Amino acid sequence: MYRTHTAGALNLSHVDQQVTLAGWVDRSRDIGQLCFLTLRDRYGVTQCVYETSDSEDSTLSLLKTLTNETCIKVTGKVRARTEKDINPEMATGTIELVISEVEILNKANVLPFQVRDDISVSDDLRLKHRYLDLRRSKMQRNMLTRHRTIQAARDALCDMGFLELETPLLVRSTPEGARDFIVPSRTNPGNFYALPQSPQLYKQMLMISGMDRYFQFAPAFRDEDLRADRVPVHTQIDMEMTFVEEKDVFLAVETMVRKIFQDVKEVSLPESFLIMPYHEAMERFGNDKPDMRFGMELKTVTSLVNDLDFKVFSEAECVRCIVVEDGSKVSRKDIDSTLLDKAKIYGAKGLAWSRIKNQEFSGGVAKFLNQKTKELMEALELKEGNLILFVADSYQVCCAGLSAVRLALGSQLELIDQSQYAFLWVNDFPLFEKGDDDTWIAMHHLFTHPKAEDMQYLDSDPGKVRGQLYDLVLNGVELLSGSIRIHRADLQKQILDIVGMPKEEAENKFGFLMDSFQYGAPPHGGSAIGLDRLVAILCGEDSIREVMTYPCNNQGIFPLDGSPAPADQHQLDELGLIVKAPAKDI
RNA sequence: GGGGGCGUAGUUAAGUUGGUUAUAACGCCGGCCUGUCACGCCGGAGGCCGCGGGUUCAAGUCCCGUCGCUCCCGCCA
């Protein structure tokens with residue numbers, strides 16, 4: 001071993017012991033014939049000190065050459081610091097290591113960026129030198145949190161009798177929503193595997209196999225455009241259960257999530273989480289993943305304002321609004337620029353506003369609203385000083401626009417308690433939505449079981465059918481998606497008919513699943529948690545990249561190894577591939 | 001596919017209506033310092049101002065193009 005202890009281990013009980021530490025130079029402070037250096041490893045930081053009366057001393061000279069992040073081994077005796085030299089900020093601040101010997105294991109060159117928490121460096125540079133970025137204590141903490149989250153989830157699921165099983169990573173391209181990553185087969189020229197978008201079909205068949213309860217930390221691959229919280233590969237805590245209904249899945253998930261928050265954050269979550277149907281979420285928050293940490297709910301006023309002498313309102317399909325309690329905190333400039341911009345992103349053409357002053361509307365569109373002062377004041381329960389913000393458009397645009405405005409106000413007015421974890425189940429999603437060309441498309445995926453009481457509308461009015469579908473939302477972030485699945489071939493065929501998938505295509509793409517339904521497939525259901533998003537929230541990070549070891553950048557490029565890269569000609573030849581597009585230079 | 005923002009030493013930034021030798025902090029190199037802990041003090045090196053073109057007596061600054069990064073919309077159940 002290179003070391004006898006770690007850099008976080010030493011305390012007063014080790015005084016006078018001879019120890020050896022190995023790690024990186026966190027900082028060195030050269031005070032002439034006195035020299036301090038702080039040595040860092042995953043476990044902490046320990047101050048090492050060397051003093052001499054000989055200015056030609058070889059150890060002293062060596063210490064003076066140490067640059068930050070040089071990898072070293074230090075041997076010496078632990079000494080208690082004198083009262084005035086104790087550093088209360090440091091976990092090891094009561095002691096120091098008196099250096100007798102230093103060995104440079106590997107020198108560090110001039111660093112591309114400093115390894116410390118208070119840096120602001122471009123993400124690209126951080127990713128190019130991710131090994132250095134991960135040395136920063138914040139990143140070390142994030143990785144530890146990730147590890148603990150996985151550990152707690154595994155403990156909880158194993159306790160509940162789930163089996164941890166793996167499903168294939170080279171699979172058939174599936175009829176799911178996102179674009180597949182495809183992998184050419186050398187042994188079967190002209191044929192391709194797909195990387196799984198989720199273990200969906202394979203975990204369903206594990207239930208058919210009688211595995212009863214399964215889970216897996218599963219990579220999920222999707223070849224779509226990226227975002228701050230979206231990368232081509234993310235990890236799901238994927239689970240599936242047999243002979244269960246929605247509430248049974250909720251219970252299992254809640255048990256696991258409670259264990260995670262207890263173990264990782266020492267936070268006790270409530271016995272059960274709030275449940276809200278999709279339609280209620282849209283009505284109250286304009287969003288299917290509402291942030292429940294603050295109110296400011298949306299209201300609909302279409303019928304009250306459509307006879308006003310104001311074309312924008314009278315001709316709109318829908319008029320919705322939100323009420324800001326203390327309107328004085330929102331300036332005209334906020335409304336006309338910041339908030340309007342938010343609403344515009346989602347297609348709103350404007351953001352009408354007015355304030356309540358002396359028991360009537362004042363400013364903005366007041367002259368129109370005051371045709372119905374009393375009715376509006378009562379319907380919206382308006383009070384002195386309120387600010388009302390309206391969007392008039394389709395129901396979808398009203399919801400999306402005002403929901404964005406609500407979130408912007410929530411953060412601007414600091415209405416959000418950052419210490420709170422507000423969980424919410426959203427369920428009863430519609431099974432289908434109308435596509436562009438008037439066809440029905442599955443809102444979630446094709447394997448979701450309709451709600452029993454809505455099955456009667458499958459033929460007559462698919463838009464009315466709700467699925468046994470649920471999302472778990474945490475602080476406005478969609479953490480989990482799941483459903484009770486179809487387990488009978490006849491129902492599965494009916495669903496495929498409704499979305500107009502040709503029989504041949506269905507047979508080709510997942511006939512194997514349909515087949516499996518024919519041998520006593522049991523009722524089953526499950527869910528998948530976005531592990532990266534969960535860990536990001538636990539770490540207080542906005543981007544999931546902060547909790548992944550080696551994420552790619554926003555262009556899908558990983559600056560460290562330079563992937564993706566062109567394939568060698570001999571690789572292409574073996575695969576029988578001809579590249580038509582010239583390789584983009586990256 | 002569409003829109004917004006940013007590209008200046010190793011890093012993060014400043015750079016005025018276009019006008020001397022392009023600044024600062026941290027880092028790096030050298031010197032001084034025996035209780036520092038963001039050590040301090042003195043000195044030094046370090047620049048294709050992303051790239052290409054244009055306007056001008058003169059461009060880091062203005063214009064056009066391009067490349068890179070980033071955030072968002074579409075897309076992603």
Side-chain angles (χ1 to χ4, degrees), chain A residues 26-38 45-55 60 64-65 67-69 79 81-90 92-93 96 98 108-129 132 174-180 197-198 200 220-232 234 288 341-342 344-347 400-401 404 429-433 436 441-448 467 469-471 478 480-483 499 527-528 530 542-543 545 553-555 557 559 584-586:
Chain A
D26 194 57
R27 274 198 153 81
S28 62
R29 292 178 289 275
D30 167 14
I31 325 273
Q33 273 144 262
L34 175 67
C35 200
F36 296 96
L37 78 84
T38 45
V45 174
T46 301
Q47 172 164 287
C48 307
V49 59
Y50 188 77
E51 51 189 327
T52 176
S53 51
D54 176 11
S55 62
L60 183 71
K64 284 176 188 291
T65 68
T67 51
N68 286 349
E69 299 309 316
R79 174 166 79 188
R81 296 198 197 185
T82 60
E83 190 71 31
K84 73 177 174 55
D85 290 331
I86 287 174
N87 184 346
E89 307 287 309
M90 243 175 136
T92 58
E96 61 191 358
V98 182
N109 286 341
V110 176
L111 301 167
F113 53 83
Q114 295 305 299
V115 177
R116 44 196 282 188
D117 279 347
D118 55 349
I119 55 164
S120 64
V121 186
S122 80
D123 287 349
D124 223 42
L125 194 66
R126 289 175 55 200
L127 292 177
K128 189 168 179 187
H129 305 275
L132 277 181
T174 54
E176 297 179 53
R179 220 175 264 124
D180 281 320
Q197 294 180 30
S198 84
Q200 183 63 33
F221 301 87
R222 286 167 198 181
D223 188 11
E224 294 291 347
D225 286 359
L226 310 178
R227 285 284 204 296
D229 64 345
R230 236 160 56 192
V231 288
H234 71 280
D288 62 2
D341 286 350
K342 289 280 178 200
K344 271 185 171 170
I345 290 171
Y346 298 92
F429 285 84
L431 200 51
F432 304 103
E433 57 187 343
D436 295 334
I441 52 177
M443 189 152 159
H444 190 67
H445 61 48
L446 293 165
F447 318 110
T448 301
L469 252 177
Y470 36 85
D471 284 357
E478 182 192 318
L480 166 151
S481 248
S483 63
V499 300
S527 64
D542 289 331
S543 171
R545 295 198 170 91
N553 74 10
N554 225 8
Q555 316 302 316
I557 292 166
K584 190 185 167 200
D585 196 18
I586 51 178

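None of these values were measured; they are calculated from a predicted model. Just so we're on the same page: letters track the sequence lines, and every chain starts at 1.
For the pair Asp223(A) CG and G1(B) P, the computed distance is 13 Å after rounding to whole Å. Between Gln114(A) atom CD and A13(B) atom C1' the separation is 15 Å, expressed in whole Å.
Using a 4.0 Å heavy-atom cutoff across all strands shown, Gln555(A) reaches at least one base atom of the nucleic acid. Contacts of Thr67(A) with the nucleic acid, taken as non-hydrogen atoms under 4.0 Å apart, involve only primed sugar atoms and P, OP1 or OP2. Among the protein residues, Leu125(A) comes within range of the sugar-phosphate backbone only, with heavy atoms under 4.0 Å from sugar or phosphate atoms but none that close to a base. Note on Ala228(A): only backbone sugar-phosphate atoms sit closer than 4.0 angstrom, heavy atoms only; bases stay farther off. Contacts of Ser53(A) with the nucleic acid, taken as non-hydrogen atoms under 4.0 Å apart, include base atoms. Heavy atoms of Ser122(A) sit under 4.0 angstrom from primed sugar atoms or phosphate atoms, though from no base atom. At the heavy-atom level, Ile345(A) lies under 4.0 Å from the strands shown only through sugar-phosphate atoms. The residue Glu96(A) sits close to a base: some heavy atom pair falls under 4.0 Å. Residue-level contact check: Ser120(A) touches the backbone only, with heavy atoms under 4.0 Å from sugar-phosphate atoms and none from bases. Looking at heavy-atom distances under 4.0 Å, Leu111(A) makes contact with sugar-phosphate atoms alone, never a base.
Candidate nucleotides C28(B), U70(B), C76(B) were compared by shortest atom distance to the side chain of Ala178(A), and C76(B) ranks first. With C69(B), C26(B), U34(B) as the choices, the nucleotide that has an atom nearest any side-chain atom of Arg116(A) turns out to be C26(B). For Asn554(A), the listed nucleotide lying nearest its side chain is U70(B); candidates were U12(B), C75(B), U70(B).
Put simply, the side chain of Arg27(A) and the base of G27(B) share no donor and acceptor less than 3.5 Å apart. Between the side chain of Asp30(A) and the base of C33(B), a donor-acceptor pair under 3.5 Å is found. One cannot find a donor-acceptor pair under 3.5 Å joining the base of G35(B) and the side-chain atoms of Gln33(A). Applying the 3.5 Å distance criterion, the base of G74(B) shares a donor-acceptor pair with the side chain of Asp225(A). Donor-acceptor pairing under 3.5 Å, judged by distance alone, is present between the side chain of Arg222(A) and the base of A77(B).
The side chain of Asn87(A) contributes no N or O atom lying less than 4.0 Å from OP1 or OP2 of C37(B). For the pair Arg29(A) and U36(B), the criterion of a side-chain N or O lying under 4.0 Å from OP1 or OP2 is not met. In this structure, Arg230(A) does not reach the C75(B) phosphate: none of its side-chain N or O atoms is under 4.0 Å from OP1 or OP2.
With a cut-off of 3.5 Å on both pairing distances, U61(B) has no Watson-Crick or G-U wobble partner at all.
The closest donor-acceptor contact from the side chain of Gln197(A) to the backbone of Ala178(A) lies under 3.5 Å. Within the 3.5 Å criterion, the main-chain N or O of Gln33(A) finds no donor-acceptor partner in the side chain of Glu51(A). Using a distance-only test at 3.5 Å, with no hydrogens or angles considered, a donor-acceptor pair links the side chain of Arg179(A) to the main chain of Asp223(A). A donor-acceptor pair is defined here as one N or O able to donate and one able to accept, closer than 3.5 Å; no such pair exists between the side chain of Tyr50(A) and the backbone of Val98(A).
With its ring centre under 5.5 Å from that of the base six-membered ring and a plane angle below 30°, Phe36(A) counts as stacked on U36(B).
Under the 4.0 Å criterion applied to side-chain N and carboxylate O atoms, Asp123(A) and Arg126(A) are assigned as salt-bridge partners.
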